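To find a chain, count down the sequence lines: A is the first, B the second, and so on, and within it residues start at 1. These numbers come from a predicted model, not from an experiment.
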Protein chains: 2
Amino acid sequence: MKKIMTETRQHFIEEDTLQAIFPKGIEQFAEIHDFEAGEFINVEGDEPAYLYYILSGKVKVYFTQSNGKVALLHFLGTHSFIGDMELLEARYYSKGIQASQKTRCLAFPTVHVRELLLNDVTFLRHLALYMSKKIMHNSAKMSQSLAYPLENRLAEFILMSENNGIYKEKHTEAAEFLGVSYRHLLHVLAQFVERGLLQKDGRCYILREKSILEEMATSIFATAIYD
Amino acid sequence: MKKIMTETRQHFIEEDTLQAIFPKGIEQFAEIHDFEAGEFINVEGDEPAYLYYILSGKVKVYFTQSNGKVALLHFLGTHSFIGDMELLEARYYSKGIQASQKTRCLAFPTVHVRELLLNDVTFLRHLALYMSKKIMHNSAKMSQSLAYPLENRLAEFILMSENNGIYKEKHTEAAEFLGVSYRHLLHVLAQFVERGLLQKDGRCYILREKSILEEMATSIFATAIYD
DNA sequence: AGTATAATAGGAGATATCTCATATTTTGGA
DNA sequence: TCCAAAATATGAGATATCTCCTATTATACT
C-alpha cells in the first residue's frame with residue numbers, strides 16, 4: 001500500500017463530489033491509499049483503522065464461516081464505503097477486504113473522524129442513501145438470481161472478476177460465492193470452453209466471446225428493478 | 001385502518017426506545033395506525049404519505065415485476081421502517097405493503113417530518129444502523145439460502161407467514177418468493193403433508209409438527225453470521 | 001527437500017428442480 | 001349471471017445440480 005502526499009492529495013479532496021459527501025474540516029485527516037491487485041486492505045477480524053471511500057478500482061469482501069470455509073461475500077466498486085458499519089457501531093466483526101484490481105481509496109482514520117462524521121447531517125444522509133441503494137440492489141439481485149441457472153450467474157461473475165480479459169478466480173471461492181458445488185462449477189466452465197466462450201490457459205481462462213457472456217449476464221438484469 | 005387518539009397515543013410515544021430514535025418535537029405529528037391482517041398499508045406506486053415505524057405485527061412487501069408478475073419481496077417485523085427510502089429520496093418507486101397480521105405502526109406524515117428527521121443526527125444515525133443491519137442480515141441469508149434445498153427454505157417460509165398454526169399463503173406468491181417453480185413447490189408441500197408435518201384443510205394447511213419445521217428452518221441459520 | 005493440506009480435475013449415479021401439458025376450481029369483473 | 005383470467009392440482013420427461021469417489025497437481029509449513 002502506498003500513501004499519496006500533499007499536492008496530489010489536495011487535488012482529489014477538492015473534487016465536487018467529495019464536498020457533497022464529507023463535512024468541512026475533514027481534509028486535514030484525509031489520506032489517499034493505493035492498493036495493488038491482490039493486496040489486503042483489511043484483515044478479517046481486525047478492527048479497521050480507517051473509513052475508506054473507493055475512488056477507483058474494485059475490492060472483494062471475504063468472510064470466514066463457522067465451518068471454517070472462506071466465502072467471498074461481494075464486490076465493492078467506485079463510490080463504495082469500506083468500514084462504514086464499524087464506524088456506526090464498533091462491535092461488528094470486520095470482514096476481509098482484498099483489492100481485486102489496482103484500487104485507490106480516500107482513507108480517514110476512524111478515531112479522528114468518527115465524532116465529526118457521526119454528527120454531520122450531510123454525511124449521514126449520504127450514508128443512509130448509499131445503504132438504501134445497496135439494499136435495493138441486493139434484494140433485486142437476490143430475487144432474480146434464484147431464477148437463473150448457473151450459466152447466467154457464472155457469466156456475470158466472470159465479467160465482474162475478470163481483469164484485462166483474463167479470469168483467474170479460484171474455483172473453490174467462485175463455487176462458494178455462486179452457491180453451487182465445486183463439481184458443477186467445473187462442469188459449466190468446461191461447457192463455456194467447449195462453446196468457445198473461454199479458452200483455458202494453464203490455470204487461467206481467457207475471455208474469447210465477451211459479448212456473448214455479457215448477453216448471458218445481462219439477461220439476469222433485464223427485468224431488474226433498480227440500476 | 002384505525003387511528004388511535006390522544007391519551008393512548010401519548011402512552012406509546014413516551015416509550016424510552018422511541019425517545020432514543022426520534023427527535024424531540026416530533027410528537028405533535030405522530031399518529032398511531034392499526035391495520036387488520038390483509039389490509040393494505042400502501043398501494044404500490046403511490047407516494048407513501050407516511051413514514052411508518054412498526055410497533056407490533058408483521059407486514060409483507062410486494063413488487064410488480066416488469067413481466068407483470070407480483071413478487072413477494074420480504075417481510076418486515078417490529079422496529080422496522082416503512083417508507084424510509086422514500087423519505088431519503090422521493091424518486092423511489094414505492095412498493096406495495098400489506099399487513100400480514102394485526103399490525104400497529106407509528107405514523108409520521110412525510111411532508112411534516114421530512115425536514116425535521118433529515119436534519120436530526122440521532123435519527124439518521126439510527127436509520128443508518130438499521131439499514132446496515134438489514135444489509136448484513138440479507139447477505140447472510142442470501143449466501144446461506146442458495147445452499148439449502150427448498151425443503152428448508154419452505155419450512156422457514158411457512159413459519160414466517162403462519163398465523164395461529166394455519167398456513168394459507170397463495171402458492172403462486174410463495175413460489176415467486178422462494179424462487180422455485182410452482183410445480184416444485186406443490187411437490188414439496190405434498191411431501192410435508194405425507195410426512196405429517198402439515199395437514200391440508202381445504203385451501204389451508206394446518207401446522208402439525210411445528211418443532212420439526214422449526215428444526216428444518218433453523219438449520220439454515222445454524223451458521224448464520226448475525227441475528 | 002519432504003510431507004500434509006488445499007486446489008484442480010473429472011466420472012457416475014442420485015436428487016432437486018424445471019418445463020410443458022392438461023384439467024379443475026376460484027375469483028373478479030362486465 | 002356468465003365469462004375470462006388466475007389459482008389449484010397432478011403427470012411425465014428433461015435438466016440442473018449434488019454427493020461421493022478417485023487422481024493429480026500446487027502450496028505451505030517443517
Side-chain angles (χ1 to χ4, degrees), chain A residues 38 40 62 64-65 67-72 96 143-158 161 166-195 198-205 216 219-220, chain B residues 38 40 43 62 64-65 67-72 96 143-158 161 167-195 198-205 216 219-220:
Chain A
F40 271 91
Y62 289 97
T64 302
Q65 292 177 313
N67 57 19
K69 293 273 177 192
V70 173
L72 175 52
S143 61
Q144 298 298 128
S145 81
L146 272 177
Y148 289 87
L150 179 59
E151 180 169 295
N152 302 86
R153 287 180 287 137
L154 177 57
E156 198 211 349
F157 179 76
I158 289 174
S161 37
I166 307 283
Y167 169 79
K168 52 178 166 186
E169 295 298 315
K170 283 193 207 163
H171 297 153
T172 42
E173 283 179 11
E176 285 272 357
F177 181 74
L178 293 163
V180 297
S181 70
Y182 180 87
R183 185 65 194 85
H184 189 53
L185 174 65
L186 274 253
H187 201 202
V188 177
L189 271 173
Q191 275 179 37
F192 279 15
V193 172
E194 202 173 320
R195 286 200 249 164
L198 299 177
Q199 182 186 326
K200 194 160 179 180
D201 180 22
R203 199 140 289 198
C204 307
Y205 291 81
M216 290 197 292
S219 75
I220 295 187
Chain B
F40 271 90
V43 173
Y62 288 97
T64 302
Q65 292 176 313
N67 56 20
K69 293 273 176 192
V70 173
L72 174 52
S143 62
Q144 298 298 127
S145 79
L146 272 178
Y148 289 86
L150 178 60
E151 180 168 295
N152 302 85
R153 288 180 288 136
L154 178 57
E156 198 211 351
F157 179 76
I158 289 174
S161 36
Y167 169 79
K168 51 177 165 185
E169 295 299 314
K170 283 194 208 163
H171 297 153
T172 43
E173 283 178 11
E176 284 273 356
F177 181 75
L178 293 164
V180 296
S181 69
Y182 180 85
R183 185 65 193 84
H184 190 52
L185 173 66
L186 271 264
H187 201 191
V188 177
L189 270 174
Q191 275 180 36
F192 279 15
V193 172
E194 202 172 321
R195 285 199 250 163
L198 299 178
Q199 180 187 328
K200 192 161 179 179
D201 180 22
R203 199 141 285 198
C204 307
Y205 291 80
M216 289 197 291
S219 74
I220 295 187

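If you measure from atom CD of A:Glu151 to atom C1' of C:dC18, you get 15 Å, rounded to the nearest angstrom. Atom NE2 in A:His187 sits about 11 Å away from atom C1' in D:dT15, given to the nearest Å. A:Tyr148 has its OH atom 13 Å from the P atom of C:dC18, to the nearest Å. Atom-to-atom, CG of A:Leu178 to C1' of D:dA16 comes out at 14 Å; the value is rounded to the nearest Å. Between the P atom of D:dT8 and the CG atom of B:Asp201 lies a distance of 15 Å, rounded to the nearest Å. Distance B:Lys200 NZ to C:dT25 C1': 12 Å, rounded to the nearest Å. At whole-Å resolution of the value, CG in B:Leu189 and C1' in C:dT17 are 15 Å apart. Taking atom CG of residue A:Asn152 and atom P of nucleotide D:dT17, one finds them 9 Å apart after rounding to whole Å.
Nearer to the 5' terminus of DNA chain D, by closest-nucleotide assignment, is the contact made by A:Ser181 (compared with the other of A:Arg203 and A:Ser181). Comparing B:Val180 and A:Glu169 against DNA chain C, the residue whose closest nucleotide sits nearer the 5' end is A:Glu169. Along DNA chain D, the nucleotide nearest B:Leu186 and the nucleotide nearest A:Gln191 are compared for position; the residue whose nucleotide lies closer to the 5' end is B:Leu186.
For A:Arg183, the side-chain atoms get nearest to D:dT19 when compared with the rest of D:dA16, D:dG11, D:dT19. Counting only heavy atoms from C-beta on, B:Tyr182 has its side chain closest to D:dA9 among C:dA9, C:dC18, D:dA9.
The side-chain heavy atoms of B:Glu169 and B:Phe177, taken from C-beta on, include no pair separated by under 4.5 Å. Looking only at side-chain heavy atoms (C-beta outward), A:Ile158 and A:Tyr205 stay at 4.5 Å or farther from each other.
For B:Tyr182, the side-chain contact (heavy atoms from CB on, under 4.5 Å) partners are B:His171, B:Thr172, B:Leu186, not counting sequence neighbours.
The backbone N or O of B:Tyr148 lies less than 3.5 Å from a partner atom in the side chain of B:Arg153, making a donor-acceptor pair.
Within the structure, every side-chain polar atom (N or O) of A:Lys170 is placed at least 4.0 Å from both OP1 and OP2 of C:dA6.
Within the 4.0 angstrom heavy-atom criterion, only backbone atoms of the sugar-phosphate kind lie near B:His171; the bases stay farther away.
The two residues B:Leu185 and B:Val180 make their nearest non-hydrogen contact at CB-CG2, 4.3 Å.
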